[in-house]
Every structure is written in C-alpha cells, then in structure tokens.
Amino acid sequence: MSCRDVRAMFSEYLDGELAPAHARFLARHLESCAACRAEFDALRCALEMMAALPRESSPDPIATRVRERLELEARKPAVRHLLRPGRPLLRPRFAPVAVAAFCLMALPILMVPVRPTVPAPAGALGFGSESRPLSLSSDVLAPRLTQSASLDDALAGAPADRSWFVETVVTRDGRVSAVRVLGGDAAYAAPLADALRQERFEPGRFQGRPVAVSLYRLISRTEVRAPST
Amino acid sequence: MAAGEFAIATVETLGAASAERSLLEQCRGGDAAAFARLVALHETMVFNLALRMLGNPDEARDVSQDVFLQVYRTLGRFEERSSLRTWIYRIVVNLCRNRRRLWMRRRRDRSVGLEDLSARDESRLAQGGDSPYDTVRRREQAERVQRALLALSFDHRAVLVLREVEGLTCEEIAHSLGIAEGTVKSRLARARDALRARLCAPEATR
C-alpha cells in the first residue's frame, strides 16, 4: 500500500470508521513514515483549530427579530397566505395574544447569561466538553443528581400551577456550568437559575468517559415523574 | 413528597427526543410560547452555522431570522423522518447557499465582514485568566480558520462545519444536505484535506 493510499484513509481513521486491520496498518505506517505522520498531524491540527472556533451570539437577539417579523406579518393581510391553510401555527385573530405570550417567554432567555466558551481539550475535537455539551441519547448515560438544590426560597410566592422549562449544562466533573430558563414565569427565572447552579451530579458518560451534558427539565411544584428506564 | 414542595421532573423523562416531540406538538397546536422556546433552543446553533458559512455576523443574523420564519411557516410539513435539528440545519444551509448566489451575482467581496467577525470573536475569546497575548493569539487563529473556510467551495465548507463544528454524524449530514451518506464521507475527506492544505500544511506551520 502506497503513502497515497494511506493518506486517503486518514479521514475515516480520525472518525474511527476504518476496519480494525486497516487501522492497525495505518498506525504502524505512521510510526515508520515521517512524511505521512507530518501530514496526519497537520490534518489533526487543522480539525482541532476548527473545533476550537468560539461559539458566537447574534448581535441582536434573534427571537426578538423573529417575533417582530411575525407581528408585522400578522398585520399585513397580503402575507397571510404564507401561513399554511388548514393547520396554521398562528391564527391571525389570535396573533396579538400569541405575540404577547412570545414576548413573555423570550424575556427570561434574554436575562440568562450565554453559555461560557471553554477551549476544546487537547487531542479531541471538543464534543462533550463544556462548550459543546452532548444531549441525552441512547449512547449518552445521563448525569445522576447527587446534591439537589433547594428551590423553596427561589420560587417562594410562585403560584402552584407554574412550571419552568430549563436547560442545565452538567460539566465533566459534575458541576453546573450554565443554566438557561427557556420557558416559564420570567419573574422567577433569575433566582431559579441561581438555585439550580448549586446542584451537583455524577457526570454523564459517553463510551465510559465523563462528558458535559445538556439536560432539559420541567420544574413544577407538584409533579414528580418516575424515571422511564 | 409533601404538597407545596417543589420537585424536579427526572431527567430521563425529558431526554432531548421526548422534549423535542412535546415542543413540536405544542408549536403545531399554535402555541406561540412553545415556538419562542424552539427559537431559544436552536438560535445559537443556527446563528453559528450561518456565521461560519457566510463569515459575516450581520448576514448570519439576517439568515437566522429567515430560517426561523421558514421553520414557522413550514413546521406543519415537517414529517419527522429526521430530527428537528437536522431539518433546521438543512434550511440554514439552503438559505446560506441562496445568499451566497446572490452575493456572487452582485460580485460581492468574499472577505467582507471578517473584520467585524474578528472584533466580535475577540470579546468571546477573552476568557478568564487569559493574557492579552493569549487573546490575540486565539483571535488570530479564529480569523485564520474562518478565512480558510471561506476559501473552500460552499459544499466543502458545509460538510466541514456540520461535522467539525456542529458535531453531526455522517448520516445526519446526509439528511441535512440531501445527499447520500457515501457522498458525505468522500466529500468530507476532500474537504478536510483542503482545509489542512490551507491551515496546517507542514511548511505553513514552521
């Protein structure tokens, strides 16, 4: 197998998709061929630089711009045909109420700080790090709560029927690096986020190693759901 | 649990898939607050993908707005053959491609906006404990990567950003770009090699 053939396998090798026999051959070749090793290191360097690109936020909140456009369109009869007939998302006669609700729900999102950026760990592409947390799936073992937060003070005075939709980023060492209140009564978003930052977890795991995980949870006064597993 | 005590629903009941399904049902039922949540969940991802594809924060913001308007208008036709995220990625890529064609027709300078981008990057890159030197070095590296990306073809850039920045699997990229998975793998290999040649060729790293 020539160096050219070996280099053609780099991409699959990095993705772990090369057949074991080919992967072993490639690893041995890299030990003995300085030119291929330099090219492989350069490729990995380029991909790590790309994975380290910072996560950006829009100059203006996009949710606000979308809401304003929808509001504008709701006022213009000429664009009503754009809403799908039969099963529209927003019926024109409900538009003012819906837009008001949209504003209410967008408020806590704007109040919560953006997720901090952390450089990708050396030698990895950064997935499962705090800046690129994984979502739960069949491959990702969910973090287990080891120290719960006391929410009674944070939510004191909240009506019993209130609930909040919250994203929590659990780090690789079980701490909480970010909390975003995505929905619910905006008046309680900040104290709720502060309280939830005190939670501690047994970290989530992917292929046996600790990873940062985004959890999506509903918080309510009365409802407790049993684990589905 | 005593009445009146706050409780947290267990995380297993709200895994990403079930949370997404519930959100979709609410959006389709005309719940504007649910649509606001959908925007909040995906806006960072949409903006960043558009930013890396176009290299200009203002253009990326405009495309992001158009993406969610299109999502809003066509959510009823989303058949859930792929995840919502993958479907949204597809819309982002298509709208960025349209925007790019418009630029080409107007002969717009490809590098426009990079200065804006680097200025914004600087504030995000200045992390706690970093020296000014580290901040400048990170900014310069981000600029280099973005320039290298913009020098690639649109198709190569799309497959690279979806894979290396957004972390999609080849199957998800195939859904997002509407191409075969085998094509994704071969295109990804060529795109990675093109990026390497521009960023980290051995002679360039000396």
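In what follows, every chain begins at residue 1, and chains take the letters A, B, ... in the order their sequences are listed.
Rounding to the nearest 0.5 angstrom, the gap separating the CG atom in B/Leu41 from the CZ atom in A/Arg180 is 7.5 Å. Atom CZ of B/Arg196 is separated from atom CD of A/Glu39 by 4.0 Å, given to the nearest 0.5 angstrom. Remark: A/Leu53 CG to B/Arg144 CZ distance equals 12.0 Å, nearest 0.5 Å. Here the CD-CE distance, from B/Gln146 to A/Met49, works out to 12.0 Å after rounding to the nearest 0.5 Å. One finds the CD atom of B/Glu164 at 6.0 Å from the CE atom of A/Met50 (value rounded to the nearest 0.5 Å). Atom NE2 of B/His42 sits about 12.5 Å away from atom CD1 of A/Ile62, to the nearest 0.5 Å.
Of the listed residues A/Arg65, A/Glu12, A/Arg144, the one with more heavy-atom pairs under 4.5 angstrom with chain B than any other is A/Arg65. Ranked by heavy-atom pairs shorter than 4.5 Å toward chain A, the options B/Asp193, B/Thr44, B/Leu160, B/Asp66 are led by B/Leu160. Between chain A and the options B/Asn48, B/Val145, B/Val46, heavy-atom pairs under 4.5 Å are most frequent for B/Asn48.
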Carefully, step by step, assess A/Arg55 and B/Glu166 under the rule salt bridge (charged side-chain N to carboxylate O under 4.0 Å, His left out). CA-CA 10 Å; A/Arg55 253 350 215 189; B/Glu166 298 299 329; 2.9 Å; yes
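When all heavy atoms of B/Gln141 and A/Ala52 are compared, the closest pair comes out as NE2-CB, 4.3 Å. Of all the heavy atoms in B/Arg61 and A/Ser58, the pair that sits closest is CG-OG, 3.4 Å.
Between the side chain of B/Arg192 and the main chain of A/Ser11, a donor-acceptor pair closer than 3.5 Å is present.
Contacts between B/Val161 and chain A at a heavy-atom distance below 4.5 Å involve backbone atoms as well as side-chain atoms. With a threshold of 4.5 angstrom between heavy atoms, B/Ala60 does not approach chain A through any atom at all.
Within a 6.0 Å sphere centred on CD of B/Glu171, other residues, nucleotides and ligands contribute 12 heavy atoms or fewer.
Under a 4.0 Å N-O distance rule, the pair A/Asp15/B/Arg163 qualifies as a salt bridge.
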